[in-house]
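Note that the numbering runs from 1 along the sequence shown for the chain.
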Amino acid sequence: QVYVVESGGGLVQAGSSLRLACTASGPTFARNAMGWFRQAPGQGREFVAAINWSGNIAKYADSVKGRFTISRDNAEISLQMNSLKPEDTAIYYCTAKIGMVVETDESDYEYWGQGTQVTVSS
């Protein structure tokens, strides 16, 4: 059985910082790519950031580059979010995939957490 569990969401003011964490449990997740997607109200799920197993390859959506940082320690990843904006308000989902290649399309990821709410007030 595979479990992906997120934590760390909350309500913050614009310009603040927040850190999300995620753990994937399973037989081989220490060497699989993992990442974060988000879904704002009334919108589809969009890519935020992803990282490979060793942590030396990371990809970011243009909308978060320079503000968000993804990091990894084995089967645990985190997302440090700085200079938050109201448009960052969404449910953030942690995800893990079979294989080591870092992808940006949600269809490439097999395992998903329940999501954690991030709300940024103006």
Side-chain angles (χ1 to χ4, degrees):
Q1 188 72 18
V2 175
Y3 295 97
V4 178
V5 180
E6 309 98 336
S7 63
L11 170 63
V12 296
Q13 291 187 330
S16 300
S17 298
L18 203 59
R19 186 178 183 90
L20 305 182
C22 171
T23 300
S25 62
T28 60
F29 276 106
R31 301 184 74 84
N32 290 26
M34 296 179 66
W36 295 93
F37 285 72
R38 67 186 182 186
Q39 186 167 19
Q43 298 185 24
R45 195 152 52 184
E46 66 171 1
F47 171 74
V48 176
I51 192 166
N52 71 335
W53 70 274
S54 65
N56 67 330
I57 298 175
K59 295 183 179 180
Y60 296 91
D62 288 342
S63 58
V64 306
K65 275 181 186 175
R67 299 189 298 122
F68 290 12
T69 302
I70 188 170
S71 58
R72 180 164 187 167
D73 181 6
N74 292 319
E76 298 181 359
I77 65 171
S78 62
L79 186 69
Q80 178 65 42
M81 304 184 294
N82 298 330
S83 301
L84 282 162
K85 304 175 181 179
E87 50 263 45
D88 293 318
T89 294
I91 298 174
Y92 283 70
Y93 295 92
C94 179
T95 185
K97 65 185 294 289
I98 298 171
M100 296 185 287
V101 177
V102 178
E103 305 283 2
T104 62
D105 191 321
E106 66 173 307
S107 66
D108 292 310
Y109 290 84
E110 287 79 20
Y111 305 103
W112 295 83
Q114 293 297 308
T116 185
Q117 178 70 47
V118 172
T119 303
V120 184
S121 63
S122 58

Name of the residue among Val118, Leu11, Leu79 meeting side-chain contact (heavy atoms from CB on, under 4.5 Å) with Leu18: Val118

Please say yes or no: joined through hydrophobic side-chain contacts below 4.5 Å, possibly via intermediate residues, are Tyr92 and Met34 part of one cluster? yes

Check for a donor-acceptor pair, side chain of [X] on one end and backbone N or O of [Y] on the other, with a separation under 3.5 Å.
{"X": "Tyr109", "Y": "Ala33", "result": "no"}
{"X": "Tyr60", "Y": "Ile70", "result": "yes"}
{"X": "Thr95", "Y": "Tyr111", "result": "yes"}
{"X": "Glu106", "Y": "Glu46", "result": "no"}
{"X": "Thr89", "Y": "Val120", "result": "yes"}
{"X": "Glu6", "Y": "Gly115", "result": "yes"}
{"X": "Asn82", "Y": "Ser17", "result": "no"}
{"X": "Lys59", "Y": "Val102", "result": "yes"}

Once you round to the nearest 0.5 Å, how far does NZ of Lys97 lie from CG of Asn32? 7.5 Å

Taking side-chain contact (heavy atoms from CB on, under 4.5 Å) as the test, write out the residues that go with Gln43, two or more places apart. Ala40

Please enumerate all residues that pass side-chain contact (heavy atoms from CB on, under 4.5 Å) together with Asn56, with sequence neighbours excluded. Asn52, Ser54

What residues form a ring pair (Phe, Tyr, Trp, His ring centres under 6.0 Å) with Phe47, not counting sequence neighbours? Phe37

Hey, is Lys85 close enough to Asp88 for a salt bridge, meaning N to O under 4.0 Å? no

With no hydrogens and no angle check, just 3.5 Å: does a side-chain donor-acceptor pair link Thr119 and Gln117? yes

Side-chain contact test, heavy atoms from C-beta onward, threshold under 4.5 Å: evaluate it for Arg19 versus Ser78 and give yes or no. yes

